[in-house]
Amino acid sequence: MEFCKNQVVAVTIEDMGKDGEGIGKVDGFTLFIKDAVIGDTVQARIMKTKNNYGYARLTEILTPSSHRVEPRCPFARQCGGCQLQALAYPQQLAFKENMVRRNLEHIGGMQEVPMESIIGMEEPFHYRNKAQFPIGLDKNGCIVTGFYAGRTHQIIANRECHLGVPQNRLILDIVIHHMEKYHIAPYDEARGKGLVRHLLIRYGFRTGELLVCLILNGKSFPHIEELAETLSRLPGMASIMLNINKRRGNTILGEQTVLVWGKPYITDYIQDLQFRISPQSFFQVNPQQTEKMYAKALEYANLTGKETVWDLYCGIGTISLFLARAAKKVCGVEIVPQAAKDAKRNAELNGVKNVEFFAGKAEEILPEKCQGGQVHADVVVVDPPRKGCDKKLLDTVVRMGPQRVVYVSCDSATLARDVKYLREGGYEVEKVCPIDNFPMTCHTECVVSIQKNSANI
Ligand code: SAH
């Protein structure tokens, strides 16, 4: 049967895609339908067709799935932040576990994936320790803040995101009220005019410390002392800063940060290790799940105290410090020089001495060190961004021949591609454990233990 744009069809949703969209078939023709969940029968309008598949917009839920739940957030459907709020949490976990398994089978070429059960959260809301709110004007010229709608820069007014901490709301109310009182203009992306671009809030779950950073298209903020005085009365307020970003484009933070009140960072803990977090620092956004993820990485590293470990893509050294106490030595490599500096400082702060950090690209630093011939690794840990590891890096790892590779991944498709490469290089996957660091969204983390084949030892 031929399908065309604007045609309305009834579809039963049998599967879900990587972005959390529902997938169903009509007469063998596959349709991708955002906001439909597995088990639903829906009415949908076809928006775009390709040879044997198409995209449709959900117009009515004919029979709701038994896994469908009422989203907590009234903006869940429009907002680009959450994709899975209408799906019950146990089914979100099943969806993510399946996604990891399928990618390792289809892309990684594995026949049987040694999966452990996904590690979820008991309370899958209010877990984020960081929020970045864009500030703009609505159609009536009123100041609004909230989140971007999916794939756009249109702001959905919402000060009460259920993934963030409740303090966000109090801070937003104070800042917006101050802007209204003194007629301070939000930044207009299209024209490059106006002052206030974003509000960044960071929270230390363990210490209760709060950091507020206003991101400005300018150098100063009217009546900042008055605003700082009001904000400083909030329990836990530790740091109020301004960040200056006069560039066009959508990079949130500029290079210069000015301290207004308090100290230029907050402190938080992962287990008993403390970390200083400034506006620019990379720090995992869900600290409760991060502890479980690092504990899994430590378990998979299987350390006895005699090993030399390389922690590649190490950020501010969190995994390195976590592993250092169980290893002889840990060497970390990180591309962002400031993060590598922070890693060194964090090591000092925690009195960890058997670590060394290098700033640079992992795929350049490791081969360089290898050429000298002195470097050795018993265990290699990688925690790359979504695009996965560089081939040159994987080649070097295979050449170094560590006993074990622990792969921490935030994208199971690139993980599976890299696993395939390592399997061809004489390694085999021993265990896989997905961890849900991002409930309500379609993202997931995953820790994989990869062992050298006994024939290659
Ligand atoms: N392991 C850390 C950071 C993981 S995020 C943690 O758990 O906190 C991935 C990190 O890899 C980022 O800090 C990013 O700056 C860094 N990175 C990206 N490309 C890199 C490359 N080619 N070489 C080294 N580090 C890189």
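Model, not experiment: these values are computed from the prediction. As the structure lists them, so they are numbered: ligands from 1, and atoms in each ligand from 1.
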Presence of salt bridge, [Y] and [X], under 4.0 angstrom:
X	Y	result
Asp342	Arg276	no
Glu348	Lys344	no
Glu307	Arg404	no
Asp15	Arg102	yes
Arg206	Asp268	no
Glu116	Lys296	yes

Practice item. Answer yes or no for Gly317: is there a heavy-atom contact with ligand 1 below 4.0 Å? Key: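 Contact check Gly317 vs ligand 1: negative.
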
Distance-only N or O hit between ligand 1 and [X], under 3.5 Å:
X	answer
Lys361	no
Ile335	yes
Pro385	no

Review point. Once the angle between the rings of His162 and Phe125 is folded into 0 to 90°, is it parallel (under 30°), tilted (30 to 60°) or perpendicular (over 60°)?
Key: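 Geometry flag for Phe125 against His162: perpendicular rings.
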
Exercise for review: Take the angle between the ring planes of Phe438 and His443 and call it parallel below 30°, perpendicular above 60°, tilted in between.
Suggested key: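 Perpendicular.
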
Answer with side chain, backbone, both or neither: which part of [X] has a heavy atom less than 4.0 angstrom from an atom of ligand 1?
X	value
Phe283	neither
Asp383	both
Phe282	side chain
Ala339	neither

Answer yes or no: is there a side-chain heavy-atom contact under 4.5 Å between [X] and [Y]?
X	Y	result
Leu393	Leu312	yes
Tyr55	Glu21	no
Met293	Glu445	yes

Quick check on contacts: which atoms of ligand 1 are under 4.0 angstrom from a heavy atom of [X]?
X	answer
Ile319	1 (N)
Val336	15 (O)
Cys314	1 (N), 2 (C)
Gly360	23 (N), 24 (C)
Gly315	3 (C), 13 (O)

Do me a favour and list the nearest non-hydrogen protein atom to [atom] with residue, atom name and distance?
atom	value
atom 21 (C) of ligand 1	Tyr313 CE2, 3.6 Å
atom 7 (O) of ligand 1	Tyr294 OH, 2.5 Å
atom 22 (N) of ligand 1	Glu363 OE1, 3.0 Å
atom 23 (N) of ligand 1	Ala362 N, 2.8 Å
atom 8 (O) of ligand 1	Thr318 OG1, 3.1 Å

Exercise for review: With atom 16 (C) of ligand 1 as the reference point, say which of Glu364, Gln338, Glu334 has the nearest heavy atom.
Suggested key: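 It is Glu334 that holds the nearest heavy atom.
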
Check your understanding: Side-chain donor-acceptor pair under 3.5 Å between Gln451 and Glu430, yes or no?
Key ->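 There is such a pair between these side chains.
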
